[in-house]
Amino acid sequence: MNLKSIGEFGLIAAIKEQFAALNHEGVRGIGDDCAVIPLSATKSLVITTDMLVESKHFLLDKISPYELGYKSLAVNISDVAAMGAKPYVSLLSLALSDDISQEWTAKFSEGYHDISKQYGIALIGGDTTAAPTGGVAISVTAIGVIDNDKIKYRSGASVGDIVAVTAPLGASSMALKLILEGGEPPKKLLQAHYMPEPMIYQGEWLSKEVGVTAMMDISDGVASDIRHISTLSGCGIEIDIKAVPICEEVDAICKARGWNPESFALSGGEEYSLLITVNSDTFEDIKYRYMNHFGCGLYPIGRCVEGNSISYINATGDINDGFTHF
Ligand code: ADP
Ligand code: MG
């Protein structure tokens with residue numbers, strides 16, 4: 001049977017069910033941005049792994065090796081940030097085709113090193129292999145630490161909570177669209193796509209707020225990612241399209257080209273900003289203090305409601321479900 005019939009999430013659900021009985025008590029496994037392993041009564045490790053595969057996640061002739069090194073760790077520690085944790089160490093595994101040069105690997109390492117240094121992350125291991133049939137694949141595992149009482153799961157949202165994002169959306173997916181067209185995206189959009197800035201400090205800050213009930217990073221697009229919060233929290237979500245913040249440059253390009261900016265903002269992946277739910281009584285206060293601390297906003301885009309469906313108000317076009325594999 002073709003994998004398309006069950007899809008990426010169907011496959012993960014089947015694996016999860018098959019292995020459920022092997023779970024260790026106290027360990028939170030498959031389902032969130034990271035797995036959680038308790039270390040002590042007060043601390044836990046969070047662990048995540050993500051692959052970047054040539055032609056699927058990047059085009060070798062478009063992204064520079066420096067950017068690819070940077071991005072490989074950035075997208076992984078974004079999942080650590082999504083739990084509210086502080087990234088601590090990483091492991092890096094590389095499968096390299098024969099045409100990869102020493103200069104390329106040196107630049108790749110420099111990018112990976114620079115973001116490691118920026119966030120104080122040690123590289124503690126990995127694996128290196130040739131890929132004789134071609135293509136480059138990068139697999140990164142990132143491990144973070146967090147206080148047990150601060151961990152944010154996808155499952156904590158309740159009816160009445162406000163749904164919010166931590167940045168205007170659409171920059172990365174617009175950059176990809178223009179790159180694939182052979183165009184030259186504005187610098188800010190290229191940066192968002194090739195060297196996304198994971199919200200490490202923002203995630204840690206938000207983890208300390210009891211009013212933040214659920215958190216995840218936006219990797220497949222809000223329209224797809226919000227389904228995980230809905231399913232795991234057992235509530236419906238209503239999103240007000242008019243409230244969704246759209247990156248200024250994306251809006252301008254859409255106006256000029258007659259494209260729908262909402263589809264970039266909601267269905268576009270690789271954002272790596274955070275999607276959160278917040279108790280409505282605390283939202284204004286948290287937003288105010290977040291603004292004072294980071295100098296930028298939390299953007300409310302909707303609410304958790306009764307039921308289990310995702311609905312949109314004020315939509316002008318079709319919102320598709322974002323990015324999934326297969
Ligand atoms: P994210 O986008 O945050 O990286 P994913 O959607 O990739 O999360 O994965 C969802 C959950 O499924 C995660 O908990 C991840 O660890 C788990 N997962 C994905 N693929 C597999 C797999 N092949 N085997 C076991 N768990 C998996
Ligand atoms: Mg994630």
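Counting begins at 1 with the first residue of the sequence. Counting convention: from 1, in listed order, for ligands and their atoms alike.
Atoms of ligand 1 found under 4.0 Å from any heavy atom of I30 (numbered from 1 in listed order, with element): 12 (O), 14 (O), 17 (C), 25 (C), 26 (N). Those atoms of ligand 1 that come under 4.0 Å of a heavy atom in D32, given as number and element, are 13 (C), 14 (O). Counting the atoms of ligand 1 from 1 in the order shown, those under 4.0 Å from a heavy atom of I12 are 12 (O), 18 (N), 19 (C), 20 (N). Of all atoms in ligand 1, numbered sequentially from 1 with element shown, those under 4.0 Å from a heavy atom of D33 are 3 (O). Short contacts between ligand 1 and G31, defined as distances under 4.0 Å to a heavy atom of the residue, involve ligand atoms 11 (C), 13 (C), 14 (O).
An N or O contact shorter than 3.5 Å links S219 to ligand 1 by distance. Residue E8 has no nitrogen or oxygen atom sitting less than 3.5 Å from a nitrogen or oxygen atom of ligand 1, judged on distance alone. Ligand 1 has no N or O atom lying under 3.5 Å from any N or O atom of I15, backbone or side chain. The shortest N or O to N or O distance between D79 and ligand 1 is under 3.5 Å.
Vertex the Mg ion (ligand 2), arms ending at OD1 of D217 and OD1 of D79: the angle is 90° after rounding to 10 degrees.
With hydrogens and angles ignored, the 3.5 Å screen pairs a side-chain donor or acceptor of N279 with a backbone N or O of D281. With hydrogens and angles disregarded, no donor-acceptor distance shorter than 3.5 Å links the side chain of D285 to the backbone of T282. Side-chain atoms of D147 do not come within 3.5 Å of backbone N or O of D149 as any donor-acceptor pair. No side-chain donor-acceptor contact under 3.5 Å links S224 to the backbone of G221. In this structure, D32 contributes its side chain and C34 its backbone to no donor-acceptor pair below 3.5 Å. Side-chain N or O atoms of T231 include none that pairs as donor or acceptor with a backbone N or O of H228 at under 3.5 Å. Side-chain atoms of D225 come within 3.5 Å of backbone N or O of D220 as a donor-acceptor pair. Panel note: side chain D50, backbone T141; no donor-acceptor pair is recorded below 3.5 Å.
The protein does not reach atom 5 (P) of ligand 1 closely, with no heavy atom under 4.0 angstrom from it.
The closest approach between R154 and ligand 1 falls below 4.0 Å for a heavy atom of the residue.
Among the atoms of D33, an N, O or S atom is found under 2.8 Å from the Mg ion (ligand 2).
Ring planes of W104 and F108: parallel class, angle under 30° (limits at 30 and 60°).
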